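Have a look at the structure below before the remarks.
Values reported hereafter were calculated over all heavy atoms of this structure, with side chains retained and with hydrogens, waters and symmetry mates removed. Since the model is a prediction, treat every value here as computed from it, not as a measurement.
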Amino acid sequence: MSIRPNVSHYVGILDALSSVKNLNKLQRFHAQMIKLRISTDEFIRAKLVSCYASCGKMDEAEYVFFVTNKKSTFLYNVMMRGYASMDLFAKSLLVFRQMLYDVKPFDLNTFPVVLKSVAGLPSLRLGKQVHSALLVNGFALDLANCNALISMYSKCGSLIGARKVFDKMSVRNSVTWTSMIGGYRMHGEFGSVFVLFLRMLDEGQKPDEFVFSEVLGACAHGGLVEQGLEWFGMMEKTFGVRPGLRHYTCVVDMLGRAGRVEEAEEMISSMDVEPDNALWRALLAACKVCGKAEIAERIEKKLNDKMVDLAVS
């Protein structure tokens, strides 16, 4: 579709508003375009749906979507992605159903969000149907779609299905490894987590912060404290990955589960990132389980002081 120069100008502004998620300016700009009678342009409407969805305003996005006569594949994808980003997976799949009813063509961006929505329900039967549709439409070798399939099968309880997709892939990236390792961690297959992680390293794939979150989470839930501390220590020194709050939370949880609450408290005190309430509460729960009343009192005082500070500010 050719875009008139003035339309192109407004599309650029909409893209800018979408990137900063400024809802107030978006609504005022939308009103201005209505007055100028440019909001009826199909390309502008598609961009408006995308902008409202990125701001989490799905009611507005839905209205523009339904008054748009010529709905493109891009438009359906945006609506599904918007609902899925807000965990409204059933609504996302209703849009996909409407897309099928309207006989709209799929593209490479259609199936990852559909599979995410299926996994969010979760529904293995529906996931297998979507997998078949993906094969029929020739997207089975696409990396993003394969990664989404691994995640879907894992979250729907089929590690066998996830591993079949993983093993058939000729090209893998960090998301691929994280999805498969995360699937094993989710289902308590901790031995498989470490086997696959070591294979990842052997194949020359550099681990990132997300892979380490899965590995440390497996160590915490598997009671593998020394192994977890070893990997945590290697993150930055060996792989150049700076630990973040999620990694510290995994290690504190791991130490707390093992009754080593003093070490966990010391780690929190030495962190170079600001601990959040969830981290302190995880340690507090461990203290109460282990009967560490003195440490529990200190933590409760810190949490209360933090609440007071927030109330004053």
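Linking Ile, Leu, Val, Met, Phe, Trp and Tyr whenever their side-chain heavy atoms come within less than 4.5 Å puts Leu245 and Ile299 in one cluster. Follow the hydrophobic side-chain contacts under 4.5 Å out from Leu135 and you never reach Val113; the two are in separate clusters. Under a hydrophobic clustering in which Ile, Leu, Val, Met, Phe, Trp and Tyr are joined whenever their side-chain heavy atoms come within less than 4.5 Å, directly or via other members, Ile160 and Leu126 fall into different clusters. At a threshold of 4.5 Å between side-chain heavy atoms, the hydrophobic network of Ile, Leu, Val, Met, Phe, Trp and Tyr places Leu100 and Leu94 in two separate groups. Two different hydrophobic clusters hold Val175 and Ile181 under the rule that ILVMFWY side chains link at heavy-atom gaps under 4.5 Å.
The minimum heavy-atom distance between Gly228 and Leu216, with the atom names listed, is O-CD2, 3.5 Å. What you find for Leu115 and Gly127 is that their closest heavy atoms are CD2-O, 4.5 Å. Ala264 approaches Leu283 most closely through the heavy-atom pair CB-CD1, 3.6 Å. In terms of heavy-atom proximity, Pro207 sits nearest to Leu201 at CD-CD2, 3.6 Å. Considering every non-hydrogen atom in both Ala140 and Cys146, the closest pair reads O-SG, 3.0 Å. Listed here is the closest heavy atom pair of Thr73 and Asp107: CG2-OD2, 3.6 Å.
Stacking of Lys71 on the aromatic ring of Phe65 is recorded, both the 6.0 Å distance cut-off and the 45° axial limit being met.
No side-chain donor from either of Asn147 and Ser179 sits under 3.5 Å from a side-chain acceptor of the other. Side-chain contact of Tyr83 with Glu62: a donor-acceptor pair under 3.5 Å is present, judged by distance alone. With 3.5 Å as the limit, one finds no donor-acceptor pair spanning the side chains of Arg242 and His247.
Residues Met33 and Leu14 meet the side-chain proximity criterion, which asks for heavy atoms closer than 4.5 Å. Proximity of Met80 to Thr110: side-chain heavy atoms (C-beta onward) are separated by under 4.5 Å at one or more points. Residues Met200 and Arg172 fail the side-chain proximity criterion, which asks for heavy atoms closer than 4.5 Å. You'll find the side chain of Met254 reaches within 4.5 Å of the side chain of Leu229, heavy atoms only. A 4.5 Å side-chain heavy-atom check between Phe194 and Gln227 finds at least one atom pair inside the cut-off. You'll find the side chain of Leu159 reaches within 4.5 Å of the side chain of Met180, heavy atoms only. When side chains are defined from C-beta on, Leu134 does not count as touching Val114, because their heavy atoms never get closer than 4.5 Å. Between Lys91 and Met86 the shortest side-chain heavy-atom distance does not fall below 4.5 Å.
Checked against the 6.0 Å centroid threshold, Phe106 and Phe96 count as a close aromatic pair. Two rings, from His131 and Phe111, have their centers 6.0 Å or more apart. Aromatic pair Phe29/Tyr10: centroids less than 6.0 angstrom apart. Residues Trp177 and Phe197 place their aromatic rings such that the two centres sit no closer than 6.0 Å.
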Walk me through it: do Arg257 and Val289 pass the test side chain to side chain contact (heavy atoms under 4.5 Å, CB included)? CA-CA 9 Å; Arg257 288 170 181 266; Val289 171; over 6 Å; no
Side chain to side chain contact (heavy atoms under 4.5 Å, CB included) between Asp102 and Met99, intermediate numbers included: CA-CA 5 Å; Asp102 292 340; Met99 187 178 186; over 6 Å; no
Taking it one step at a time, do Asp59 and Tyr52 satisfy side chain to side chain donor-acceptor pair (under 3.5 Å)? CA-CA 9 Å; Asp59 287 342; Tyr52 279 122; over 6 Å; no
Given Lys104 and Gln98, is the side chain to side chain contact (heavy atoms under 4.5 Å, CB included) satisfied, shown in steps? CA-CA 9 Å; Lys104 291 294 178 181; Gln98 185 63 42; over 6 Å; no
Show, in sequence, the C-alpha distance, side-chain angles and deciding distance for Val11 and Ile44, and conclude whether the side chain to side chain contact (heavy atoms under 4.5 Å, CB included) test is met. CA-CA 6 Å; Val11 166; Ile44 287 289; 3.8 Å; yes
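In terms of modelled atom types and a separation under 3.5 Å, the side chain of Ser270 and the main chain of Glu266 share a donor-acceptor contact. Between the side chain of Ser123 and the backbone N or O of Ala119 there is no donor-acceptor pair closer than 3.5 Å. Counting only distance, with no hydrogens or angles, the side chain of Asn137 and the backbone of Ala133 share a donor-acceptor pair below 3.5 Å. Ser151 places no side-chain N or O within 3.5 Å of a backbone atom of Ala148 that could act as its donor or acceptor partner. Looking only at distances, no side-chain donor or acceptor of Asn109 sits under 3.5 Å from a matching main-chain atom of Pro112.
Rounding to the nearest 0.5 angstrom, the gap separating the CG atom in Leu26 from the NZ atom in Lys47 is 12.5 Å. The structure places NZ of Lys116 at 7.0 Å from CG of Asp87, a figure rounded to the nearest 0.5 Å. To the nearest 0.5 angstrom, Leu93 atom CG is 4.5 Å from Ser117 atom OG. Put simply, CG on Asn24 and CG on Leu17 are 11.0 Å apart, with the number rounded to the nearest 0.5 Å. Here the straight-line distance linking atom CG of Leu108 with atom CG of Asn145 works out to 6.5 Å at 0.5 Å rounding. Considering CD of Gln32 and CD1 of Ile38, their distance stands at 9.5 Å, rounded to 0.5 Å.
Atom CD of Glu230 has 12 or fewer heavy atoms from other residues, nucleotides or ligands within 6.0 Å. Enclosure of atom CG in Leu36 by more than 12 non-hydrogen atoms of other residues, nucleotides or ligands within 6.0 angstrom is indicated. Lys128 NZ: 12 or fewer foreign heavy atoms inside a 6.0 Å radius.
For residues 182-192, every residue pair satisfying the side-chain hydrogen bond (donor to acceptor under 3.5 Å, both in side chains) rule, not counting sequence neighbours, is listed here: Arg163-Tyr184, Arg185-Glu214. Counting only residues at least two apart or on different chains, no ring pair (Phe, Tyr, Trp, His ring centres under 6.0 Å) pair has a member in residues 283-303.
With sequence neighbours left out, the ring pair (Phe, Tyr, Trp, His ring centres under 6.0 Å) criterion links Tyr248 to Phe232.
Ion pairing of Glu203 with Arg199 is present here, as a side-chain N (NZ or NE/NH1/NH2) and a carboxylate O approach within less than 4.0 Å. Comment: Arg298 engages Glu265 in a salt bridge, judged by a side-chain N to carboxylate O separation of less than 4.0 angstrom. Salt bridge Glu294/Lys301: absent, no basic N to carboxylate O contact under 4.0 Å. Salt-bridge formation is not detected for the pair Arg281/Glu300: no Lys NZ or Arg NE/NH1/NH2 atom is positioned less than 4.0 Å from an Asp or Glu carboxylate oxygen. Here Asp41 does not pair with Arg45 in a salt bridge; the nearest charged N to carboxylate O distance is not below 4.0 Å.
By the 30° and 60° cut-offs, the orientation of the rings of Phe212 relative to Phe239 is tilted.
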